[in-house]
Amino acid sequence: MWHKMKQSKLFTKTSKTLPKDEVSLNSQLLLKSGFIDKEIAGAYSFLPLGHRVLNKIINIIREEMNAIDGQEIMLTSLQAPATWEPTDRWDDEKMDVWFKTELKNGNQLGLAPTHEEPLTKLMKKFINSYKDLPVFAYQFQTKFRNETRAKSGILRTREFIMKDLYSFGRNQQDLDEYYERAKAAYVKIFDRLGLGKITYVTFASGGTFCKFSHEFQTLCEYGEDLIYINEEKKIAINREIFTDDIISEFGLKREDFVEKKSIEVGNIFKLGTKFSDALGLHYVAENGERFPVVMGSYGIGPARTMGTIVETCNDEKGIIWPKNIAPYHVHIISLGKEDTIAAESEKLYNLLCANNVETLWDDRPNVNPGAKFADSDLIGCPIRITVSSKNLENKQYEVKRRAGGNAEFIPQENILAFLANELK
RNA sequence: CGGGGCGUAGCGCAGUUGGUAGCGCAUCUGGUUUGGGACCAGAGGGCCGCUGGUUCGAGUCCAGUCGCCCCGACCA
């Protein structure tokens with residue numbers, strides 16, 4: 001990953017105005033700051049700053065998936081009907097979000113909205129014996145869903161990257177064990193992304209093979225989900241299963257819960273043998289008997305998570321990125337046209353870059369201080385360092401945290417130590 | 001998919017009873033500025049979403065259509 005950027009070379013620009021019909025805060029802030037661009041309703045492009053943030057989110061998720069023995073793959077989006085017919089999900093009545101097209105020869109083709117079927121089919125080529133199990137595969141891959149109504153900026157789009165991991169085990173115990181590992185990994189991920197304190201693991205509707213699935217719901221007034229929280233017992237329940245029967249299973253009453261709006265940022269689900277039965281994914285056990293593989297699926301939407309972070313981490317001036325996913329750690333602001341300012345700024349820029357501090361340098365010569373500060377607040381890097389003649393005279397750098405607080409004046413020779421402590 | 005709103009320069013908007021399109025921001029040139037989105041002077045930029053109709057004449061009136069946003073329904 002590139003660690004440095006001069007703002008004069010950054011092709012995107014910030015904007016003072018917005019398309020009037022952009023209402024969601026995440027799209028307003030991300031469009032204004034030049035992180036993303038809207039192509040059509042429900043389809044956004046990621047520009048240099050936005051792409052960096054998205055990749056940082058992806059990398060954190062990747063590290064945690066690798067830590068629970070996930071093997072990264074990438075499946076194709078192009079899907080033939082035959083793969084989906086065994087589960088009856090080619091039918092538009094059953095799966096109403098298909099984008100369908102056809103080949104030159106007239107054969108039908110769909111753009112995958114999810115990947116259980118093709119991956120189950122793929123695994124038939126590699127899973128034969130109990131010795132091949134358990135196995136875990138995941139990908140960061142583009143999903144296409146023909147939503148009737150795209151909305152809420154990058155929170156609900158028709159094309160989006162999804163991290164989907166699938167587990168393949170010998171039996172329910174394999175599945176249950178891995179499910180708990182995945183749940184713990186998800187908790188860690190949202191913690192590292194800066195959403196830990198406001199993200200709840202909720203009980204959600206299950207399916208044929210288990211009573212509940214779990215969702216990771218981040219509290220947010222702009223969210224489209226409703227969850228019910230009991231802080232005492234650390235229980236949260238999705239609206240769709242918040243019924244008297246289920247509430248009583250937890251030994252609680254309706255009034256023991258607080259209703260909150262939230263955004264679904266992750267979902268883990270026990271699939272059981274639904275797909276392995278339908279597509280014929282079996283293994284031979286030690287005693288020679290054949291069994292269907294027991295599966296689970298585990299999803300996170302990195303772009304939706306990015307939008308959620310913007311929705312929850314901002315002030316009236318712009319975005320306040322958590323340090324782990326900020327596009328750059330430090331934003332250097334050079335004030336004044338003097339040669340010494342430019343030279344001293346460049347010295348600092350090179351020093352930080354050489355020490356792996358990701359740095360954006362506002363080196364634009366003819367931009368007024370007010371505009372530079374406003375841009376810096378909007379873009380939202382965690383640390384701003386102002387280089388001006390006033391500070392240079394005192395051999396200091398002026399440092400300000402985007403999250404708040406007053407500026408601090410750090411002796412020049414201490415700047416690396418200060419940043420190392422600040423960014424650890 | 002139902003309901004509502006909106007399409008005029010890159011963005012925000014104005015456009016009178018129908019008479020041949022304008023303002024601010026942004027951009028370009030020159031100059032003056034430089035600690036919280038500067039100022040002056042000049043310049044470029046338009047299929048008025050699209051198609052059809054009414055009319056001597058349509059950004060404006062009528063019909064259709066496409067697109068965008070919001071609410072709802074839907075949403076492993």
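Order of the sequence lines fixes the chain letters, A, B, ..., with proteins taken first and strands second; residue numbering starts at 1 for each chain.
- Taking atom CG of A:D37 as the reference point, atom P of B:G10 lies 14 Å away to the nearest angstrom.
- Within 4.0 Å of A:V367, counting heavy atoms only, lies at least one base atom of the nucleic acid.
- For the pair A:D225 CG and B:C74 P, the computed distance is 13 Å after rounding to whole Å.
- In this structure, A:R304 atom CZ and B:A76 atom C1' are separated by 12 Å, rounded to whole Å.
- Nearer to the 5' terminus of RNA chain B, by closest-nucleotide assignment, is the contact made by A:L18 (compared with the other of A:D375 and A:L18).
- By the 5.5 Å and 30° criteria, A:F373 is stacked with the base of B:G36.
- Between B:U60 and B:A41, the two P atoms lie 35 Å apart (nearest whole Å).
- Which of B:G37, B:C70, B:C68 sits closest to the side chain of A:K32 comes down to B:G37.
- Across all strands shown, B:U60 forms no Watson-Crick or G-U wobble pair with both key distances under 3.5 Å.
- Of the candidate nucleotides B:A76, B:G37, B:U33, B:A76 has the atom nearest to the side chain of A:F269.
- A distance of about 11 Å separates the C1' atoms of B:A9 and B:A26, rounded to the whole Å.
- When the C1' atom is used for both B:U16 and B:G72, the distance is 39 Å, rounded to whole Å.
- Within 4.0 Å of A:K337, counting heavy atoms only, lies at least one base atom of the nucleic acid.
- Taking atom C1' in both B:G64 and B:A21, one finds a spacing of 26 Å when rounded to whole Å.
- At a threshold of 4.5 Å between non-hydrogen side-chain atoms, the residues A:D362 and A:I332 do not count as touching.
- When the C1' atom of B:A73 is taken as reference, atom NZ of A:K151 falls 10 Å away, rounded to whole Å.
- Look at the C1' atom in both B:G24 and B:C39: the space between them is 16 Å, to the nearest Å.
- Across all strands shown, B:C1 forms a Watson-Crick or G-U wobble pair with B:G72, both key distances being under 3.5 Å.
- Ring orientation note: the planes of A:Y178 and A:Y298 are nearly perpendicular, at an angle over 60° on the 30°/60° scale.
- Going from atom CG of A:N146 over to atom P of B:C1 covers 10 Å, rounded to whole Å.
- For a distance-only test at 3.5 Å, the side chain of A:R384 qualifies as a donor-acceptor partner of the base of B:G36.
- Ring planes of A:F144 and A:F99: perpendicular class, angle over 60° (limits at 30 and 60°).
- For A:F212 and B:A76, the CZ to C1' distance is 16 Å, given to the nearest whole Å.
- The side chain of A:K372 contributes no N or O atom lying less than 4.0 Å from OP1 or OP2 of B:U34.
- Out of B:C68, B:A76, B:G37, the shortest distance to the side chain of A:A41 is found at B:C68.
- Under the Watson-Crick or G-U wobble criterion, with both distances below 3.5 Å, B:U29 is paired with B:A41.
- The side chain of A:V23 approaches B:C70 more closely than any other nucleotide in the set B:A76, B:C70, B:U34.
- The nucleotide B:U55 finds no pairing partner, because no Watson-Crick or G-U wobble arrangement with both distances shorter than 3.5 Å includes it.
- Side-chain atoms of A:N368 and base atoms of B:G36 include no donor and acceptor less than 3.5 Å apart.
- Of the C1' atoms belonging to B:C74 and B:G3, the separation is 15 Å, rounded to the nearest Å.
- Contact annotation for A:E398: base contact, defined as any heavy-atom pair under 4.0 Å involving a base atom.
- Figure legend: A:R52 and A:Y328 shown as a cation-pi pair, the cationic atom lying under 6.0 angstrom from the six-membered ring centre and within 45 degrees of its axis.
- If you check the side chains of A:Q396 and A:N391, you find no donor sitting under 3.5 Å from an acceptor.
- Across all strands, A:E116 comes closer than 4.0 Å to base atoms (heavy-atom distances).
- Atom CG in A:D92 sits roughly 15 Å away from atom C1' in B:C74 (whole-Å rounding).
- Residue side chain A:T148 reaches the base of B:A73 through a donor-acceptor N/O pair under 3.5 Å, judged by distance alone.
- Taking every side-chain heavy atom of A:T17 into account, B:C11 is the closest of B:G37, B:A76, B:C11.
- Pairing for B:A21 is absent, judged as Watson-Crick or G-U wobble with the two contacts each under 3.5 Å.
- Using a 4.0 Å heavy-atom distance criterion, A:T14 is classed as a base contact.
- For A:K9 and A:W361, the positive end is not near the middle of the six-membered ring at less than 6.0 Å and at most 45° from its axis.
- Among the atoms of the strands shown, base atoms are found under 4.0 Å from some heavy atom of A:F275.
- Look at A:K211 and A:E249 and you find a salt bridge, because one of the NZ, NE, NH1 or NH2 atoms lies within 4.0 Å of a carboxylate O, short of that distance.
- Nucleotide B:A76 holds its P atom 13 Å from the CG atom of A:L271, rounded to whole Å.
- With C1' as the reference atom, B:U27 and B:G44 are 9 Å apart, rounded to whole Å.
- Using cut-offs of 30° and 60° for the angle between ring planes, the A:F212 and A:F203 rings count as perpendicular.
- Applying the Watson-Crick and G-U wobble criteria (two distances, each under 3.5 Å), B:G67 pairs with B:C6.
- Of the candidates B:G12, B:A76, B:G37, the closest approach to any side-chain atom of A:K274 belongs to B:A76.
- Between A:R149 and A:D377, it is A:D377 whose nearest contact on RNA chain B lies nearer the 5' terminus.
- Comparing the same atom, P, in B:G7 and in B:G59 gives a spacing of 16 Å after rounding to whole Å.
- By the 6.0 Å and 45° rule, A:K233 does not stack over the aromatic ring of A:F250.
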